[in-house]
Amino acid sequence: GAVVSQHPSRVICKSGTSVKIECRSLDFQATTMFWYRQFPKKSLMLMATSNEGSKATYEQGVEKDKFLINHASLTLSTLTVTSAHPEDSSFYICSADDRGGITGLPDTQYFGPGTRLTVL
Amino acid sequence: AQKITQTQPGMFVQEKEAVTLDCTYDTSDQSYGLFWYKQPSSGEMIFLIYQGSYDEQNATEGRYSLNFQKARKSANLVISASQLGDSAMYFCAMREGKYSGGGADGLTFGKGTHLIIQP
């Protein structure tokens, strides 16, 4: 239980293009999903909180017009990196909160396998 | 100030030995949750163990246990009988604030400890 998938796992794109990353909770519903970014050999940094049916909440310093988040259903959130540049190259990883439904543990987030974005 | 501090950037441990990974945290909230995740070279984040701030007993999950010392704001992960497959990055994380049911908060992560188990 508590499986989260991400697609694609790896993407290479040209500078200036937009890239969409999908995050799905496969066996549970997630009203809240989170997007993190991880640079090589660094920790995860929270970018934004994605709430089903409402606007995402962005962390300080994260450009909301550059990183568009849509949480259209209880099992799907998407992150679109618009007009990507080489500095956007990173490992993007999402998580979903099962609200204790799977494990019985509150507040536990389950992570997707991540998407490695390379912008040329 | 850092909210989560992991003071061990890297550790080498002999197989079958017990391992303690250090984690201290900083929060003024009364209600919070502490987590440990394992990240192998593939990049996925694997949930290991959770400790709530109001839990009186230390959390245990198979070979993993969390040594929770609330007064010292410490939440060390203990891995008993280490295995070669335990080699990975280990992250301590915290969720602050009361879970009200109306939303949820993201996690704050430490910088991680790179654990290498040697045969």
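Below, chain A is the first sequence line, B the second, and so on; all start at residue 1. As a basis for the values below, the full set of heavy atoms in this structure was taken, side chains included, without hydrogen atoms, waters or symmetry mates.
With a threshold of 4.5 angstrom between heavy atoms, A:Leu44 approaches chain B through its backbone and through its side chain. In this structure, the portion of B:Gln39 lying under 4.5 Å from any heavy atom of chain A is its side chain and not its backbone.
Ranked by heavy-atom pairs shorter than 4.5 Å toward chain B, the options A:Gln38, A:Lys42, A:Met45 are led by A:Gln38.
For A:Phe111 and B:Phe47, the gap between ring centers reaches or exceeds 6.0 Å.
Using a 4.5 Å heavy-atom cut-off against chain A, no residue of residues 65-75 of chain B qualifies as contacting. Below 4.5 Å, heavy atoms of chain A meet heavy atoms from B:Phe91, all part of residues 82-92 of chain B.
In the hydrophobic clustering of ILVMFWY residues, with side-chain heavy atoms under 4.5 Å counting as a link, A:Ile93 and B:Phe35 come out together. By the criterion of side-chain heavy atoms lying less than 4.5 angstrom apart, applied directly or through intervening Ile, Leu, Val, Met, Phe, Trp or Tyr residues, A:Phe91 is not grouped with A:Val62; the two fall into different hydrophobic clusters. Under the 4.5 Å side-chain heavy-atom criterion for Ile, Leu, Val, Met, Phe, Trp and Tyr, B:Tyr37 and A:Phe34 are members of the same hydrophobic cluster. No path of Ile, Leu, Val, Met, Phe, Trp and Tyr side chains, each step under 4.5 Å between heavy atoms, connects A:Leu76 with A:Phe67, placing them in separate hydrophobic clusters. Under a hydrophobic-cluster definition in which Ile, Leu, Val, Met, Phe, Trp and Tyr are linked whenever side-chain heavy atoms come within less than 4.5 Å, directly or via other members, A:Leu117 and A:Leu46 are assigned to different clusters.
In A:His7, the NE2 atom is not crowded: 12 or fewer heavy atoms of neighbouring residues, nucleotides or ligands sit closer than 6.0 Å. For B:Glu56, the CD atom sits in a loose shell: 12 or fewer heavy atoms of surrounding residues, nucleotides or ligands are nearer than 6.0 Å. Atom NZ of A:Lys55 has 12 or fewer neighbouring heavy atoms from other residues, nucleotides or ligands inside a 6.0 Å radius. Remark: B:Gln30 CD is loosely packed, at most 12 non-hydrogen atoms of other residues, nucleotides or ligands lying under 6.0 Å away.
Side-chain atoms of A:Gln109 and B:Arg95, non-hydrogen and from C-beta on, do get closer than 4.5 Å to each other. Within the 4.5 Å cutoff, no side-chain heavy atoms of A:Val4 are placed close to those of B:Glu44.
A donor-acceptor pair under 3.5 Å links the side-chain atoms of A:Tyr36 to the main chain of B:Leu107, judged by distance alone.
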